[in-house]
Amino acid sequence: MARAKLTPGEIMKAVERADQSTLDLRKRMEDDYNDRWILKPFKVKAGYQSFTTNESRAMANKVISLIVDGKLNVSAPMGRAQQEERERHSAQERFLRGVFRAVDEELENQFMPSLRAQLTFYATVRGFCFGRALLSKNEDGDTFVDVVPWDPMHTYWSVGRRGMIWMAYRVNKTVADIKAEYPEYKFEADEDDTAEHQVTDWYDDRQNAVIIHHGEGAFLKAPAEHGSQRVPCFFVAQGSAPPVQAMGGATSDKVSGAASDYGESIWATNRHKYNSFNETMSDAKHLIRRAKRPTYVVVSRDGTRVLETDPFADGTEIALKEGERIEVLDWIKMPPDTPAFIAIEAGEMQRGGLPYIAYGELPFAISGFGMVQLRQGIGSVVGPPKDCVTHALAQIARHIAEQYASGKFKKFKLHGRDSANRWFEEEFDTELMKDTRIEVTLMPDLPQDRAAAVSMAQMARDPGASGVPMLPDRMIHEQYLNVEDPDLVANTIKEQQAERMSPLAVMNGLALAAGEMGRGDLVKIYLTELQRLVASMFGPQTPPSGAVPQEVPPLMPPTVLPNSVAGEPPPMPIPQAGPNVPPGSPRPGAQGGNGRL
């Protein structure tokens, strides 16, 4: 069945319907950003002191730093795969690492934060991760990676039984920006360049189009095939709560309130506690500030005397007539239960946020067991946004891999660092990315996690009563230590064992190290010892009669051998710079003691 032609009016209606159905969700995002991220001052009545806690911004900054500074692993589960297949999986890992690096470099050219930093911010503050993940072609037909995170506040979508139907990103742009990006579109002659219009970037499972909400709408970019087999956008909601519906159904007035709970930010638990804490601290601050200027009464004969100066300012002198006096009233004190109430509110905020130990502070001395329990509370706060970012990166990896494997794009070169921190720069074949099974994991920067993982890995490797370890090394490296390339680790361990198992290898390694440091004397000593050791182990080898003796390759590169060993003449001695003089005489041309610095 042929699909109906896409028009600007249809796009505008679809986006507007999605906007109306999620108004409460976007209102929550806006309030969270203003009140909890920007820290809009807490409002009180005029004449009263106001207090605004910075706990929400400090918690968000800490969560973002723990995730952004964490370790990103891109790995393909190898299981019982053969060596050739494992090498193919390693190449797929390098491809996706190169993709993520290319995205970061492009965002850096636009003076924007990195991909992981933006996704972490949106997951933490907004509660969602949205964006497009495309392979595109430039004017020359060359392939480049086009991955852009979107602000969830301005993203709209529709999901069906089999996944995403469409997704759109609607933002305001000035006329000047639109003219620069889409010069083919013509505005009216008197259109002000500073005027703003809504622009929507639309994607469905086949086409991409860009429209301007100007009048009845118009295409800035006509509908065109985007080259993906599905909607080339990623969508992840933070938390474990799915979209719920109120008892009244989809048309109920209460459904919008339920929709606003979907994709919650990290402030969901403490959102209402912040206002209560701000109010309590504002009351305390008001009473504390009143101690600087307490209430006073001026007593006079007719009761009309008013002081023209501040009686509490330094050096103030006030002339009083007979019968006049100033009386300072007693301070209004906080109720005795105020400190306990503040402690209760602070405790609830800590249970809904990060423990004090996450910021490197302890309010009082606690035991080591207590510190471990407090550390465990970090995971309940960091976990949801971390999982949101992880799933977003995994969706991006799948989108790019599928599009590249389709064969619709030219091969292109990527660079970056592999799992062993080795630099690579290579061109990847499109056939390589078929049947890609890549896992993306993100480990927040929590020091105690690494120590626990190493301890568990060692326990799994220690032999039991039968002398057999609980798990093989490959599984330990993959599941406990999150090693991306277990083959590389295994080969590195074997190489290390090879250097130490044989006395010949040990001496050869020592001689090479001495040669690299310029110690030719030590090289000569170890070469002599090597010859003796070889002779003692194998004895003198005589070639068979009639055989042509073959030259044995040296154990060391000729460039590090001393001249005497390499068969070269010794270096010419450096001639003496001056004549011989009797002992104790100053050397000609030498500096005197007074001439030295």
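Below, all heavy atoms of this structure are taken into account, side chains as well, without hydrogens, waters or symmetry copies. The model shown is predicted, which means the values in this text are computed figures rather than measured ones.
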Within the 6.0 Å centroid threshold, strictly below: Trp202 and Trp166:
yes

If you measure from NE2 on His154 to CG on Asn172, what distance do you get to the nearest 0.5 Å?
8.0 Å

Can you tell if the side chain of Trp157 reaches within under 4.5 Å of the side chain of Phe130, non-hydrogen atoms only?
yes

Could Glu426 and Lys413 be called an ion pair, given the rule that one side-chain N must be under 4.0 Å from one carboxylate O?
no

Tell me if the aromatic rings of Phe412 and Tyr404 count as close, with their centers under 6.0 Å from one another.
yes

Considering all heavy atoms of both residues, which atom of Phe428 and which atom of Ala91 are nearest to each other, and what is their separation?
CE2-O, 3.4 Å

Taking Glu402 first and then Arg230, would you say they form a salt bridge - that is, a charged N and a carboxylate O separated by under 4.0 Å?
yes

If you measure from the Lys or Arg side-chain nitrogens to the Asp or Glu carboxylate oxygens, is any gap between Arg28 and Asp261 under 4.0 Å?
no

Would a 4.5 Å heavy-atom cut-off, applied to side chains only, mark Ile67 and Pro385 as touching?
yes

Salt bridge present between Asp19 and Arg170 (N-O < 4.0 angstrom):
yes

Chi angles and distances behind the side chain to side chain contact (heavy atoms under 4.5 Å, CB included) call for Asn73, Val440
CA-CA 6 Å; Asn73 287 336; Val440 178; over 6 Å; no

What I'd like to find out is whether the side chain of Asp201 reaches to under 4.5 Å of the side chain of Arg132, using heavy atoms alone.
yes

Whether Lys137 engages the ring of Phe409 as a cation-pi pair (distance to the six-membered ring centre under 6.0 angstrom, angle to the ring normal within 45°) should be assessed.
yes

Are Asp387 and Thr390 linked by a side-chain donor-acceptor pair shorter than 3.5 Å?
no

Run the ring pair (Phe, Tyr, Trp, His ring centres under 6.0 Å) check on Phe235 and Trp150 step by step: do they pass?
CA-CA 10 Å; Phe235 167 25; Trp150 289 343; over 10 Å; no

Do other residues, nucleotides or ligands put more than 12 heavy atoms under 6.0 Å from Lys179 NZ?
yes

Below 4.0 angstrom, N of the basic side chain to O of the carboxylate: do Asp473 and Arg461 qualify?
yes

Under a 3.5 Å threshold, yes or no: a donor from one side chain and an acceptor from the other, between Glu495 and Asn491?
no

Taking all heavy atoms of Val389 and all of Arg116, pick out the closest pair and write down the distance.
CG1-CG, 4.1 Å

Indicate whether any N or O donor in one side chain lies under 3.5 Å from an N or O acceptor in the other, for Glu105 and His415.
yes

Nearest-0.5 Å distance that lies between atom CG in Leu25 and atom CD in Glu264
8.5 Å

Would you say that Phe100 contacts Val74 through its side chain, given a criterion of any heavy-atom pair below 4.5 Å between the two side chains?
yes

Taking atom OH of Tyr33 as the centre, does the number of heavy atoms from other residues, nucleotides or ligands within less than 6.0 Å exceed 12?
no

Show your reasoning for whether salt bridge (charged side-chain N to carboxylate O under 4.0 Å, His left out) applies to Glu181 and Lys173.
CA-CA 10 Å; Glu181 191 171 357; Lys173 292 188 177 183; 2.9 Å; yes

Would you compute the distance between atom CD of Gln118 and atom CG of Asp151 and round it to the nearest 0.5 angstrom?
10.0 Å

Heavy-atom side-chain contact between Gln198 and Val171 under 4.5 Å
no

Any heavy-atom pair between the side chains of Val145 and Leu135 that's under 4.5 Å?
yes

Thinking salt bridges, do Arg422 and Asp418 make one under a 4.0 Å N-O criterion?
yes

Heavy-atom pair of closest approach, residues Gly353 and Val381
O-CG2, 3.2 Å

Taking the side chain as every heavy atom from C-beta outward, state whether Met59 and Trp267 have any atom pair closer than 4.5 Å.
yes

Evaluate the criterion side chain to side chain contact (heavy atoms under 4.5 Å, CB included) for residue pair Leu414 and Arg97; output intermediate values, then yes/no.
CA-CA 9 Å; Leu414 293 170; Arg97 281 182 170 272; over 6 Å; no

Rounded to the nearest 0.5 Å, how far does CG of Leu442 lie from NE2 of His391?
11.0 Å

Do the non-hydrogen side-chain atoms of Pro149 and Leu115 ever get within less than 4.5 Å of each other?
yes

With Val147, the side chain to side chain contact (heavy atoms under 4.5 Å, CB included) member among Ile396, Asp104, Leu393
Ile396

Looking just at side-chain N and O atoms, do Thr200 and His213 make a donor-acceptor pair shorter than 3.5 Å?
yes

Rounded to the nearest 0.5 Å, the CZ atom of Phe95 sits from the OG atom of Ser90 at a distance of 15.0 Å

Report the distance from atom CG of Asp204 to atom SG of Cys233, rounding to the nearest 0.5 Å.
9.5 Å

Aromatic ring proximity Tyr262/Phe128, centre distance under 6.0 Å:
yes

Taking atom CD of Gln229 as the centre, report whether more than 12 heavy atoms of other residues, nucleotides or ligands fall under 6.0 Å from it.
no

Would you check if there is a donor-acceptor pair between the side chains of Ser265 and Asp32 at a distance under 3.5 Å?
yes

